[in-house]
Student: 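Have a look at this one before I ask anything.
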Amino acid sequence: MAKDKQLIKLDHISKSFGNQLVLDDLDLYIRENEFITLLGPSGCGKTTTLRILGGFETPDKGTVYFDGQDITHLPPNKRPLNTVFQKYALFTHMTIAENIAFGLKIKNKPKTYIQDKIKYALKLVNLDGFENRMPDSLSGGQQQRIAIARAIVNEPKVLLLDEPLGALDLKLRQDMQYELIRLKNELGITFLYVTHDQEEALTMSDTIVVMNQGYIQQIGTPEKIYNEPENAFVADFIGDSNIISATMIEDYLVEILGARFVSTDAGFGKNKPVDVVIRPEDVELVKPEEGIIQGTVTHVIFKGVHYEMEVMANGHEWLVQSTSMFPVGTPVGIKVDPYNIQTMHKPESEDEEAIGVEE
Amino acid sequence: MKNKKNLLAFPYLLWSAGFIIIPLCMIFFYGFTDKTNRFTFANVVSIVEGENLKALGISILLALIATLICVLLSYPLAYILSGSGMKQSGFMIFVFILPMWMNFLLRTLAWQTLLEKNGVINMILHFLHLPVLNIINTPYAIVLGMVYNFLPFMILPLYNALSKIDPSVIEAARDLGANSFQTFVNVIFPLSIPGLISGITMVSVPALTTFVISDMLGGGKILLIGNVIEQEFKQANNWHVGSGLSIVLMLFILLAMGLTAKYDKEGGSYF
């Protein structure tokens, strides 16, 4: 299928800065027309990956393929992709029109073509009539839209976006998220988006690549990443969660903090130590006698849509989100539906432990 | 509250009144009066007299050449140091600025000794059987002195302007298809113009008005407008003509600064 065509392939990419290994043997492919997000904490290698794609860094080892061709050593100006930078990077000595026209003028496009493109791009980012303004006279959100317009007039096959909304305030950031989804659909090009904001990643992406310390932790759709995290790092990084050491007694039965829960997972073997992830909204608070584990509410915070509570039960502080409130000190029972218990292998070696959760 | 803060500026106001504004008024008074304190344009107009006009011409010419050489020497250096990301670039700048900590007169005197017919440089050249250098007491020596003395004033503002350019702006230009040369012409150079302008101003103004360098390295043979004015005050004891010529020189400086500032503002558009 054409939709599944691999447009970009990163093949065994490694990169260090000085003694610090930033990317270690990274493999990743990007499909055509995909909104793919590299998500991870700072220093996880996501920006370095983007910069290697943009041509601003050269990998120590490995090859970058674009449409089947090796572009590893091609300079940025020869690559069929454009970048939107974190801090906009507009040319402050040029007007908005000159900024947008920059790439086209370098390529010696005809004047009327350039004029049409400027008009079209400004309309696309909802900033018609801004042609003769200077970048400094624009707000942060407007400058970022100009940066996007400046990139897309060159009709790149891939748009690289390096935390483009990082400098904007919350409300504007949410508006821009919808704007970016709309843009992506209108242009029909591939977006590679880099962010440390999990909510941003969940909202916009077709595919999320969770990274930590130079390794890919999990690749999948937002739903898959959220509902079925593959390891404790992903579970902890995406949303709030209860990550608890447990024992897989047998298939479909797991012992958590001394109590037995029915689960939907199988194939771990008998009496295997595992980690389980239970999302706070999946923890059900009931009367003590109806619960599998009994505990006491220790904290209550009102969060608007729901209450966030902490429940001390069997030596673990459970994070619970619920629309009904139980006051501090109330004895409660805890129930979890079998399909809401996500079982994960425990990290085996020291090495794997190192890339896990950092508390 | 605000008035109290304003009081803090009082010492400086006193200083500038005493040592800038009053002397300036005196120059204008002397410049437009004759020895009987009657109003006249004669002092100012005396600039067109042969000797004076020639001195002004040479001054402008030598100042322009010295400024140009400073730009050609400083720009590549400042560019390399600002872009290198070297940790030592601050130290390198310090090394170039270091001679400025020594007295201006001493430095110029040192050049005099170095350049003399039987000076250090010619001794070395003679020893190596190379042709000797006879530039002492010529315009070349004066330009050399100007460049040597004023070079740091060009390097510093250029370095500041170039290192202030956000690297991601340069990457953006490359990303949009510009090669390194196009990036320099369209982005880096235009963004460094404010530094270039202040460098040009800071070199050309002292070069245009100097009389020490021409005295020491020109051997009194080449008169710059600064020397003419100095002689009017000190030897001819004619404060009126000296002030009149000073006013003309000030006009030239203001004109030059106005022109460069205008170019700086228009420098916004490059396509």
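The sequence lines fix the lettering, A, B, ..., with proteins before strands; numbering per chain opens at 1.
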Student: Could you tell me whether the side chain of V169(B) reaches within less than 4.5 Å of the side chain of Y88(A), counting heavy atoms only?
Tutor: no
Student: Going by side-chain contact (heavy atoms from CB on, under 4.5 Å), D175(B) matches just one of N77(A), N154(A), N82(A). Which one?
Tutor: N82(A)
Student: Would you indicate whether F17(A), at its atom CZ, is surrounded by more than 12 heavy atoms from other residues, nucleotides or ligands within a distance under 6.0 Å?
Tutor: yes
Student: Nearest 0.5 Å, please: how far is CD in Q86(A) from OG in S168(B)?
Tutor: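 Here the interatomic distance stands at 9.0 Å.
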Student: So which part of L81(A) gets closer than 4.5 Å to some heavy atom of chain B, the side chain, the backbone, both or neither?
Tutor: backbone
Student: Identify the heavy atoms of F85(A) and E171(B) that sit nearest to each other, and give their distance.
Tutor: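 F85(A) and E171(B) have their closest heavy atoms at CE2-OE1, 3.6 Å.
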Student: Given heavy-atom pairs under 4.5 angstrom as the criterion, report whether the side chain, backbone, both or neither of L90(A) touches chain B.
Tutor: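 Backbone only.
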Student: Between G103(A), A147(A), G54(A), which shows the greatest number of heavy-atom pairs under 4.5 Å with chain B?
Tutor: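 Going by pairs under 4.5 Å, I would pick G103(A).
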Student: Heavy-atom count check: over 12 atoms from other residues, nucleotides or ligands less than 6.0 Å from F184(B) CZ?
Tutor: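 Yes, the 6.0 Å shell around CZ holds more than 12 heavy atoms from other groups.
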Student: Could you check whether atom NZ of K107(A) has more than 12 heavy atoms from other residues, nucleotides or ligands sitting under 6.0 Å from it?
Tutor: yes
Student: Is the count of non-hydrogen atoms from other residues, nucleotides or ligands lying under 6.0 Å from M257(B) atom CE greater than 12?
Tutor: no
Student: What are the two closest heavy atoms between A89(A) and A172(B), and how far apart are they?
Tutor: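 Nearest heavy atoms, A89(A) then A172(B): O-CB, 3.9 Å.
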Student: Does E186(A) have more than 12 heavy atoms from other residues, nucleotides or ligands lying within 6.0 Å of its CD?
Tutor: yes
Student: Does F10(B) CZ have over 12 foreign heavy atoms under 6.0 Å away?
Tutor: no
Student: Nearest heavy-atom pair of H93(A) and L191(B): which atoms, and what distance?
Tutor: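 Distance-wise, the nearest heavy atoms are ND1-CD2, 3.3 Å.
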Student: For side-chain contact (heavy atoms from CB on, under 4.5 Å), just list the numbers for N186(B) and I106(A), CA-CA rounded to whole Å, side-chain angles, deciding distance to a tenth of an Å, and then say yes or no.
Tutor: CA-CA 10 Å; N186(B) 291 313; I106(A) 292 288; 3.8 Å; yes
Student: Hey, what do you get for CZ (R79(A)) to CZ (R174(B)), rounding to the nearest 0.5 Å?
Tutor: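 R79(A) CZ to R174(B) CZ: 11.0 Å, rounded to 0.5 Å.
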Student: Just how far is it from atom CD1 of I165(B) to atom CZ of F91(A), taken to the nearest 0.5 Å?
Tutor: 11.5 Å
Student: Near F252(B) CZ, under 6.0 Å, is it more than 12 heavy atoms from other residues, nucleotides or ligands?
Tutor: no
